[in-house]
Amino acid sequence: MKREQLYSGKAKTIYSTEDPSRYISEFRDSLTAFDGKKKGEVSKKGYYNAQISKKLFDLLESKGIKTHYIKMLSDNEMLVEAVDIIKIEVIPRNIAAGSITRKYPIKEGTVFKNPVIIMDYKSDEYGDPMLNEDIAVVLGVATYEEIAIIRQLALKVNDILIKYLDERGIVLPDFKLEFGRKNGQIMVADEISCDTCRFWDKETGRSMDKDIFRFDKGDLTKAYEEVAKRIVPEIFQ
Ligand code: TMP
């Protein structure tokens with residue numbers, strides 16, 4: 001099924017298949033932070049993130065949002081639509097945390113009345129600088145129409161995830177989305193997992209996401225397993 005490796009990122013590897021319209025996305029146990037400066041390897045991370053992403057992609061599809069997800073091929077490999085990734089990291093923020101509290105006079109924990117949508121240019125070389133629609137167009141990464149669609153999709157995904165996670169005792173301060181285009185359609189791509197979201201326990205406020213790795217806050221496998229238990233309990237039966 002797998003043919004050649006097309007791209008290996010910091011946490012996933014993308015392979016071609018015999019069908020040019022489909023790729024395989026393999027979730028690995030490796031992870032990095034701070035533009036790759038901090039590196040690590042955590043057992044079962046790829047498995048939990050793949051299973052959580054699968055479930056959240058299914059959820060979005062059930063609400064009419066197209067994603068690149070097709071089906072699981074193994075514990076940590078998914079068959080996905082072969083899309084062109086749009087080089088923008090779209091970050092819906094509901095509660096201030098992370099970089100927004102360092103770049104602006106906004107205190108951690110500030111609850112935003114309306115979600116704040118941040119768009120960053122996906123480029124390790126340039127340190128993922130924030131962009132607006134004019135810069136996106138100048139860089140040639142997206143059109144004005146695409147940016148408008150992406151913003152609307154990000155807001156919808158945010159609404160769906162907030163509600164779904166809240167029912168499972170998880171607060172969603174912020175998360176990162178990537179989009180792909182295929183045959184003129186824009187769809188949610190990449191992953192939605194403990195590596196790409198901030199997940200706070202609703203009861204205690206503790207981090208259950210990659211901040212544990214970024215800031216050495218404890219046992220990452222245990223926290224990801226706890227998130228998986230709440231989102232994909234069926235894999236523990
Ligand atoms: P930030 O506060 O560091 O800007 O992160 C915002 C959100 O985006 C957070 O949920 C983690 C996620 N994120 C990624 O998925 N990839 C990245 O490279 C970065 C910096 C953040």
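We number each residue from 1, following the sequence as shown. Atoms within each ligand, like the ligands themselves, are counted from 1 in listed order.
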Exercise answer, ligand 1 polar atom pairs (N/O) under 3.5 angstrom:
residue, atom, partner, partner atom, Å
ligand 1, 2 (O), Arg93, NH2, 3.2
ligand 1, 2 (O), Ser99, N, 2.8
ligand 1, 2 (O), Ser99, OG, 3.4
ligand 1, 2 (O), Arg198, NH1, 2.9
ligand 1, 4 (O), Arg93, NH2, 2.9
ligand 1, 4 (O), Ser99, OG, 2.6
ligand 1, 10 (O), Asp174, O, 3.4
ligand 1, 10 (O), Asp174, OD1, 2.5
ligand 1, 10 (O), Arg198, N, 3.3

| request: Any side-chain hydrogen bond (donor to acceptor under 3.5 Å, both in side chains) involving residues 126-142? Give me the pairs, sequence neighbours left out, ordered by first then second residue. | output: Asp134-Tyr144
| message | Quick check against the 3.5 Å criterion: does Lys182 have a side-chain atom that pairs as donor or acceptor with the backbone of Ser21? | response | yes
| query | Are Val80 and Met187 joined in one hydrophobic group, where the rule is that I, L, V, M, F, W and Y side chains link up if heavy atoms are under 4.5 Å apart? | reply | no
| query | Is there a donor-acceptor pair under 3.5 Å between the side chain of Ser53 and the backbone N or O of Asn49? | reply | yes
| Within the side chain of Lys210, is there an N or O that forms a donor-acceptor pair under 3.5 Å with the backbone of Thr32? | yes
| request: Considering non-hydrogen atoms only, spot the tightest contact between Leu177 and Ala154 and give its length. | output: CD1-CA, 3.9 Å
